[in-house]
**Q** 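Have a look at this one before I ask anything.
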Amino acid sequence: MTSIFEITHKDAAGRIGKLTTAHGVVETPTVMPVINPNIQVIKPSEMYDFGAQMIITNSYIISRRDELRETALRDGLHSLLDFDGPIMTDSGSFQLSVYGDIEVTNQQIIEFQQAIGSDIGVPLDIPTPPDVPRGRAESELETTLERLKDARRMVDAGNGMLLAGPVQGSTYTDLRRRSAISLSEHKFDVYPLGAVVPLMESYRYADLVDVIVSSKKGLDPTAPVHLFGAGHPMMFALAVALGCDLFDSAAYALYAKDHRYITVLGTYHLDDLHYLPCSCPICMSHTAQQLQQADNCKELLARHNLYVTFEEMRRVKQAIREGNLLELVEQRCRAHPRMLEGLKRMYTHSEWLEQHDPASKSTFFYCGPESADRPEVLRFSKRLERFTITGSAIIRSTPSKRDQDYDNILTFKSPFGSYPVELLEVYPFNAEVPRTPDHRSLTRALENTIRLIELNPDAEFTFVCDGDIDHPLLEELSRLATVEHPDTT
Ligand code: GUN
Ligand code: ZN
């Protein structure tokens with residue numbers, strides 16, 4: 001059996017892939033616009049015009065209304081929505097989490113999704129919110145796992161509907177991981193990460209990062225992952241870099257309803273906009289004032305919101321192709337201090353990221369102190385043992401005539417540290433870095449240099465402080481090497 005998900009390009013833990021469904025192949029990462037079967041601000045068939053390849057709707061809502069249910073059962077879901085591409089259907093789990101109780105069983109909703117011809121179905125998982133007592137998270141997870149296994153027995157693998165296995169476990173990272181491992185044993189086709197909407201609504205991006213990473217650690221790295229309820233383009237780069245492939249956006253319509261205008265740097269209230277910072281067809285044909293006063297303002301805003309959503313996803317894919325996704329993540333995470341917390345948390349997982357990050361890619365660009373904790377820097381520090389240095393060695397950042405007097409010439413470059421001069425043009429040492437390193441970058445570089453010296457006790461090192469560098473670690477270094485200050489000697 002050929003795999004339904006084929007990864008074609010990688011960067012960090014992110015990837016471009018091809019997901020095969022009964023209604024065609026989609027290229028990931030991608031966003032599925034959420035279609036409310038009751039109210040369609042924008043028709044599903046128009047979604048292609050924005051760049052959508054796939055949509056998602058709610059099978060529970062369809063099953064609850066006689067006209068919708070009967071049409072779907074008679075003519076199929078694709079005819080009901082007038083969309084000929086892949087359609088994913090959610091179960092009533094979200095309604096379950098909001099209203100506490102719903103009138104459908106797991107078995108009924110799975111059978112219904114199959115009967116209407118859904119391309120990807122979702123069982124009735126329990127979206128356990130963040131921060132609940134551990135006992136509740138554990139018992140709800142038990143129920144979820146039982147239902148998912150029942151669903152897997154009901155839906156034949158490799159025949160018609162793909163089956164999603166949502167990962168739950170609230171904010172308990174060990175439960176997320178255990179849940180992911182358990183689901184992987186039953187071979188679902190897509191793994192959504194569930195109940196993350198409350199984290200995103202309250203800007204808890206650091207906790208979101210932990211949930212994604214702990215879940216990913218329990219999943220097969222070649223399986224497609226869906227971040228349930230994530231539709232704000234501001235966080236696409238971050239989530240993709242952590243290995244999320246599918247997203248769904250109700251945000252484009254929900255925000256429009258509240259007169260909110262999405263940009264990758266954050267959201268504006270339409271009343272606060274004097275200018276439209278976008279070149280989509282809506283923004284080019286209206287002024288801010290015209291948009292505010294338009295009778296169909298909400299529809300126009302929904303269209304703009306979709307345009308910027310898909311624009312960002314294309315930018316993320318281009319970044320993967322170029323190998324500079326982490327640079328994009330670092331830029332995006334500066335849009336909000338809570339996103340910056342997410343970035344910092346992501347790099348506490350550099351050890352894990354490093355296992356996925358390609359060993360060679362485009363030039364490393366230093367974008368700020370967080371870059372000092374990138375997986376590439378960590379990888380270099382883990383490989384210091386590979387350098388064997390004997391005799392005399394000079395470490396400096398700029399070449400000088402004296403270099404010839406030494407057996408070894410090492411280049412000092414923050415945030416990496418010291419490496420043989422021959423590697424200067426080799427990735428990642430060909431990095432573009434500021435000529436005046438910040439404290440964090442210098443800390444990393446000096447720590448790595450000290451370790452390199454300690455690993456080669458028989459060599460005799462001279463460290464030339466030829467930048468205008470000043471750092472407390474220089475004192476420690478001076479106990480292991482001759483430290484020279486060219487400006488003062
Ligand atoms: N939509 C947003 N979050 C969830 C979730 O955890 N489970 C399901 N089934 N749908 C969702
Ligand atoms: Zn626009």
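Read the numbers this way: they start at 1 and go in the same order the structure lists the ligands and their atoms. All residue numbers in this chain count up from 1 along the given sequence.
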**Q** Flag the pair R374 and E327 as a salt bridge only when some basic side-chain nitrogen lies within less than 4.0 angstrom of an acidic carboxylate oxygen.
**A**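 Yes, this pair counts.
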**Q** To the nearest 0.1 Å, how far is atom 8 (C) of ligand 1 from its closest protein heavy atom, and which atom is that?
**A** F228 CE1, 3.4 Å
**Q** Hey, which atoms in ligand 1 end up nearer than 4.0 Å to a heavy atom of S93?
**A**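 Checking each atom against S93, I get 8 (C), 9 (N).
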**Q** Angle at the Zn ion (ligand 2): provide the value between SG of C280 and SG of C278, rounding to 10 degrees.
**A**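 My answer is 110°, to the nearest 10°.
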**Q** Out of the N/O/S atoms in H304, what is the name of the one closest to the Zn ion (ligand 2)?
**A** ND1
**Q** Any chance you could measure L270, atom CG, to R260, atom CZ, to the nearest 0.5 Å?
**A** 12.0 Å
**Q** Any idea which atoms of ligand 1 are less than 4.0 Å away from a heavy-atom of D125?
**A** 5 (C), 6 (O), 7 (N), 8 (C), 9 (N)
**Q** Under a 4.0 Å N-O cut-off, is there an ion pair linking R444 with D373?
**A**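 Salt bridge between R444 and D373, a charged N being under 4.0 Å from a carboxylate O: yes.
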**Q** Identify whether the distance between the nearest side-chain nitrogen and carboxylate oxygen of E312 and R332 falls below 4.0 Å.
**A**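 Yes.
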**Q** Do the side chains of K361 and E376 get close enough for a salt bridge, i.e. N-O under 4.0 angstrom?
**A** yes
**Q** At a 4.0 Å threshold, what atoms of ligand 1 neighbour a non-hydrogen atom of A195?
**A** 3 (N), 5 (C), 6 (O)
**Q** State plainly whether the residues R314 and E311 are in salt-bridge range, i.e. N to O under 4.0 Å.
**A**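 So R314 does not pair with E311 through a salt bridge.
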**Q** To which of D90, V197, N58 does the heavy atom nearest atom 10 (N) of ligand 1 belong?
**A** D90
